[in-house]
Each structure stands twice: as C-alpha cells, then as structure tokens.
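Data first, discussion second: the structure below is written as structure tokens.
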Amino acid sequence: MSHYVIDLRSDTVSQPTAEMRQAMFVADVGDDVYGEDPTVNALEQKTAKLFEKEAGLFVPSGTMGNLLACMVHCHQRGSEAIVGDLSHVFLYEQGSAAHIAGIQLATIPNKADGTFCLEAMRRKVRLEDDHEPITSLVVVENTHNICGGKVIPLEWLDKLAALVNGDKQLQPYGKRIALHMDGARVFNAAAALQVPVARIARDFDSVNICLSKGLSAPVGSVLVGSEAFIRQARRLRKALGGGMRQAGILAAAGIVALDTIVPRLQEDHQRTLRIAEAIHKAKSPNVTVDLATVQTNILLIHLPNAKFGATAFAERCSKVTPEELAAGVHAAHKEQGIKLEVSSRDWEFARIVLYHQISDADVDLVIKKFNYIIREVDARLAA
C-alpha cells in the first residue's frame with residue numbers, strides 16, 4: 001500500500017508554488033554576469049530595500065552567500081571570524097571558510113537561545129600581536145537552527161553592535177570588526193518579533209537570506225550589504241562558479257516568495273506550536289518538548305531515554321504498522337498509512353520543520369501519528 005507521506009525533515013524540501021512556476025515561465029531574462037538580467041536585478045534591489053541596505057547579490061545557495069561574506073570581510077589571509085559553536089557556518093558548510101578562503105573560525109559556545117556570551121566574545125578578539133590571526137568578523141545566525149529555530153533577541157543584537165562599534169580596544173590594527181548575519185530564516189525571526197527585517201539587520205554589515213527554505217522558492221539566496229561590499233562579493237562569486245547567466249528564471253520565484261510567502265510565515269509558526277502543544281499534552285517521560293521555547297517553524301523533540309533515541313524515533317515515524325492502521329491512524333480520505341519523515345542525525349533530539357505546503361490537515365495527521373507513537377513507546381519502555 002502507498003502511504004501518505006509528510007516530509008518534515010527541513011523546509012528545504014518545500015516546493016515552489018503555482019504562482020512561482022508561472023513567474024518563472026514568463027520571466028524576462030538576460031546575462032546576469034554582465035548585469036543584464038532584469039529579473040535578477042529586480043530581486044536584488046527589492047531585497048536590499050527590504051533590509052535597508054545599498055545593494056544585493058543573488059547567489060545559488062546560502063552556503064555560498066555566507067562564504068562570500070566571510071571572504072569579503074576577512075580579505076586578508078590569516079584572518080579570523082568568531083562564530084557560535086552550534087552555528088551552521090561552523091557545523092554544516094564543510095569548513096569552507098578555512099578550506100577555500102584561508103579564514104580561521106574561532107568558536108564560542110552557543111546558549112540555548114542561540115546567543116553567546118558577549119564578554120567571552122570580547123576576550124576572544126585578537127589584538128595587535130604578530131603571533132596571532134587578525135579578528136575581522138563576527139557571525140550571528142538568526143533564526144538559530146540547531147537551537148530550535150530560536151529568534152535572537154533584539155536587545156542582544158543591540159548590545160553586540162554597541163560592543164563592536166563602541167569599544168575602541170576591539171579594533172585590531174585600527175579596523176572595526178565586521179558583523180555578518182546568517183539570516184537563512186531571518187524572515188521567520190521578523191514574523192515572530194513582528195518587526196521589519198530591516199530592524200533586525202540594522203547594525204549588520206551584511207546579511208544572507210535564503211529563498212529556498214521556508215520561502216518555498218526552488219533555488220537561491222540573496223546577500224545584502226553596502227555597494228562596495230556587494231561589488232567585491234560579485235567579483236568573488238564569479239571565482240566560486242556562481243555566475244549563473246540567465247538566472248532570472250530562478251530569481252522570478254524569489255520575488256514571488258518575498259511578496260506572497262513572507263506575509264504568511266506566521267501560519268507555519270502557529271502550526272508548529274500546535275504540534276508542540278499536542279506532544280506536551282501527552283505528558284510522556286520519553287518524548288518531550290520545551291513548549292515555552294517554541295518560537296518559529298522549527299521544533300526539537302527531545303528523546304531523553306537512551307533506549308529510544310532520536311534515530312529510533314525517526315525510524316518509527318517513517319514506518320506504518322498493521323496495528324496503527326487497525327487503530328485508525330491513517331489518512332481517512334484514502335485510508336493510507338501516515339508516514340512522517342523527520343531529522344535525527346546524531347543529535348539528542350529529533351527535529352521537524354514546517355513550511356508553506358504543510359497544511360492544517362497535515363498537522364492533524366502529524367499529531368495523530370505522534371500520539372500513537374508516544375503511547376506505543378511509553379507502553380514498551382514501561383514494560
């Protein structure tokens with residue numbers, strides 16, 4: 001029997017909408033490497049305006065966008081960037097800052113809310129010593145993926161900016177340390193805080209935003225910053241193989257995403273909270289959530305019992321048993337079993353991420369499946 005599959009592994013599996021597909025079909029295009037693609041230019045200008053930055057650059061991926069920012073801000077080999085130890089830049093971008101750009105990443109432990117200790121950061125800055133690398137950049141991730149989609153508090157961002165801008169001792173060789181935001185899901189942060197993204201990005205020299213996660217576009221990110229910054233990033237994009245010629249076909253979907261998906265992100269947050277509340281209501285000792293910290297479209301499901309960890313949970317979610325079908329755990333319209341895809345890796349938690357295509361009806365099925373699995377696991381571990 002075929003099953004009804006709900007893929008919650010990541011918002012990267014989101015699909016372009018019909019409106020996006022139509023915009024891609026009719027997009028005006030030109031050679032973007034020559035700066036002649038009108039749709040790419042429109043996307044870059046639109047994004048820069050939203051963030052109140054001078055210019056933007058369309059790139060194939062968030063990984064490239066973050067790497068370009070690191071390369072521009074740390075233009076001298078032997079530079080160092082300070083990042084959180086749970087940040088995407090450090091964990092999941094193949095060490096490209098070091099591998100490709102000759103940049104050393106110095107890590108600071110991330111707190112549960114995605115921030116890090118600013119005093120520890122201040123002590124981490126390398127001053128004028130010929131034995132040490134040059135601290136050139138601090139990277140902040142917002143929302144913070146591995147911390148559960150946490151929104152970085154505005155108050156903390158303001159304190160970080162005040163520290164970098166106001167403490168003259170934190171200017172190695174007389175140069176101010178740059179601030180970059182890995183804002184792959186920064187529109188989710190803005191939706192949760194109910195503020196414009198420009199407020200979140202106000203004190204950052206550059207921001208990288210992803211179009212192909214919760215915004216449902218098929219490909220691409222946009223890097224924004226000053227005209228001088230983007231000019232350098234555009235040159236380096238070519239060196240990394242990111243010149244995409246008639247890229248307006250892709251950029252068209254990004255424009256639709258900004259216009260139609262960004263205003264609806266709060267719906268993803270509400271659906272995520274519904275699932276979290278259902279798990280919390282089950283009061284299981286073996287499958288738990290920290291309800292008070294659920295803020296956006298990412299939910300961490302904690303599996304504290306070593307006998308049934310995240311990998312086992314993910315595997316169970318992807319299976320359909322005769323017993324659960326007999327108990328009525330199926331998609332009623334076709335009596336299909338419900339198969340859930342969730343992320344586990346080697347974490348102490350499983351992760352689910354919601355996006356535009358996950359409907360209220362899908363959430364009902366997710367809750368039904370989770371409730372059954374929770375009862376099954378609790379009974380087995382209690383035996």
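Sequence positions, counted from 1, serve as the residue numbers for this chain.
Remark: side-chain polar atoms of Thr39 are not paired, donor with acceptor, to backbone N or O of Ala252 under 3.5 angstrom. Side-chain atoms of Thr260 come within 3.5 Å of backbone atoms of Val256 as a donor-acceptor pair (strictly under, hydrogens ignored). With Asp378 contributing its side chain and Ser284 its backbone, the two residues share no donor-acceptor pair below 3.5 Å. A donor-acceptor pair is defined here as one N or O able to donate and one able to accept, closer than 3.5 Å; no such pair exists between the side chain of Arg351 and the backbone of Leu299. At least one donor-acceptor pair closer than 3.5 Å links the side chain of Asp362 to the backbone N or O of Ser359. A distance-only check finds no donor-acceptor pair linking the side chain of Asp32 to the backbone of Ala247 [under 3.5 Å]. In this structure, the side chain of Thr272 does not engage the main chain of Ile298 through any donor-acceptor pair within 3.5 Å. With Gln295 contributing its side chain and Val151 its backbone, the two residues share a donor-acceptor pair below 3.5 Å. Side chain of Ser14 to backbone of Lys213: a donor-acceptor contact under 3.5 angstrom is found. In this structure, the side chain of Lys368 engages the main chain of His330 through a donor-acceptor pair within 3.5 Å.
For His280, the NE2 atom sits in a loose shell: 12 or fewer heavy atoms of surrounding residues, nucleotides or ligands are nearer than 6.0 Å. Heavy-atom contacts from other residues, nucleotides or ligands closer than 6.0 Å to CD of Glu348 number 12 or fewer.
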Quiz item: When you look at Phe349 and Phe313, which way does the ring pair (Phe, Tyr, Trp, His ring centres under 6.0 Å) test go after all the steps?
Solution: CA-CA 9 Å; Phe349 53 82; Phe313 179 78; over 10 Å; no
Practice problem: Take Lys319 and Glu324 through the salt bridge (Lys or Arg N to Asp or Glu O under 4.0 Å) test and state the conclusion after the steps. | Solution: CA-CA 10 Å; Lys319 295 179 180 178; Glu324 68 186 81; over 6 Å; no
Self-check item: Stepwise side-chain contact (heavy atoms from CB on, under 4.5 Å) check, Lys175 with Ile134
Solution: CA-CA 10 Å; Lys175 182 182 178 182; Ile134 301 169; over 6 Å; no
Self-check item: Verdict with reasoning, Asp11 to Asn297, per side chain to side chain donor-acceptor pair (under 3.5 Å)
Solution: CA-CA 9 Å; Asp11 44 7; Asn297 64 323; 3.1 Å; yes
Quiz item: Between Leu381 and Lys307, is a side-chain contact (heavy atoms from CB on, under 4.5 Å) present by the stated rule, with each step listed?
Solution: CA-CA 8 Å; Leu381 294 180; Lys307 295 180 179 179; 3.9 Å; yes
Exercise. Take His73 and Ser206, measure what side chain to side chain donor-acceptor pair (under 3.5 Å) needs, and give me the verdict at the end.
Key: CA-CA 9 Å; His73 293 309; Ser206 57; 2.9 Å; yes
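Summarising the geometry of Ser221 relative to Gly62, their closest heavy-atom pair is OG-N, 3.1 Å, with the distance given to 0.1 Å. Of all heavy-atom pairs spanning Phe58 and Glu44, the tightest one is N-OE2, 2.9 Å. The nearest pair of heavy atoms linking Pro218 to Ala253 is CD-CB, 3.5 Å.
Separation of atoms NE2 (His131) and CG (Asp129) is listed at 6.0 Å; rounding is to 0.5 Å. Residue Ile358 holds its CD1 atom at 13.0 Å from CD of Glu267, rounded to the nearest 0.5 Å. The structure places NZ of Lys369 at 9.5 Å from CD1 of Ile6, a figure rounded to the nearest 0.5 Å. Separating the CG atom in Leu179 from the CD1 atom in Ile82 is a distance of 10.5 Å, to the nearest 0.5 Å. Here Arg126 contributes atom CZ and Ser79 contributes atom OG; the two are 11.5 Å apart, rounded to the nearest 0.5 Å. Here the CG-CZ distance, from Leu215 to Arg264, works out to 12.5 Å after rounding to the nearest 0.5 Å.
With contacts defined as side-chain heavy-atom distances shorter than 4.5 Å, the pair Asp158/Arg202 qualifies. Taking the side chain as every heavy atom from C-beta outward, Gln336 and Ser2 approach each other to under 4.5 Å. At a threshold of 4.5 Å between non-hydrogen side-chain atoms, the residues Val377 and Phe308 count as touching. Side-chain contact between Arg185 and Leu265 is absent, with no heavy atoms from C-beta onward closer than 4.5 Å. A 4.5 Å side-chain heavy-atom check between Val224 and Ile209 finds every atom pair outside the cut-off. Taking 4.5 Å as the limit, some side-chain heavy atom of Pro109 sits within range of a side-chain heavy atom of Asp85. Counting heavy atoms from C-beta outward, Phe370 and Val287 have side chains that stay 4.5 Å or more apart. At a threshold of 4.5 Å between non-hydrogen side-chain atoms, the residues Asp31 and Arg245 count as touching.
Cluster annotation: Ile367 and Leu354 are assigned to the same hydrophobic cluster (Ile/Leu/Val/Met/Phe/Trp/Tyr, side-chain heavy-atom contacts under 4.5 Å, transitive). Each of Val83 and Met121 belongs to its own hydrophobic cluster when Ile, Leu, Val, Met, Phe, Trp and Tyr are linked at side-chain heavy-atom distances under 4.5 angstrom. Cluster annotation: Ile374 is connected to Ile338 through the hydrophobic network of ILVMFWY side chains, with a link wherever side-chain heavy atoms come within less than 4.5 Å.
The aromatic rings of Phe51 and Phe187 stand perpendicular to each other, their planes meeting at an angle above 60°, with 30° marking the opposite boundary.
A salt bridge is absent between Lys111 and Asp113; no separation between the charged side-chain nitrogens and carboxylate oxygens falls under 4.0 Å. Electrostatic pairing of Arg123 and Glu119 counts as a salt bridge here, judged by a charged N lying under 4.0 Å from a carboxylate O. The pair Lys159-Glu155 meets the salt-bridge criterion, with a side-chain N (NZ, NE, NH1 or NH2) lying under 4.0 Å from an Asp/Glu carboxylate O.
In this view, Ile249 and Met24, Val29 satisfy the side chain to side chain contact (heavy atoms under 4.5 Å, CB included) rule, not counting sequence neighbours.
Other members of the hydrophobic cluster containing Leu67, listed by chain and number, are Leu57, Val59, Met64, Leu68, Met71, Val72, Ile100, Leu223, Phe229, Ile230, Leu236, Leu240; membership follows side-chain contacts under 4.5 Å among ILVMFWY residues, whether direct or relayed.
If you run side-chain hydrogen bond (donor to acceptor under 3.5 Å, both in side chains) between Asp205 and each of Lys53, His180, Arg176, only Arg176 comes through.
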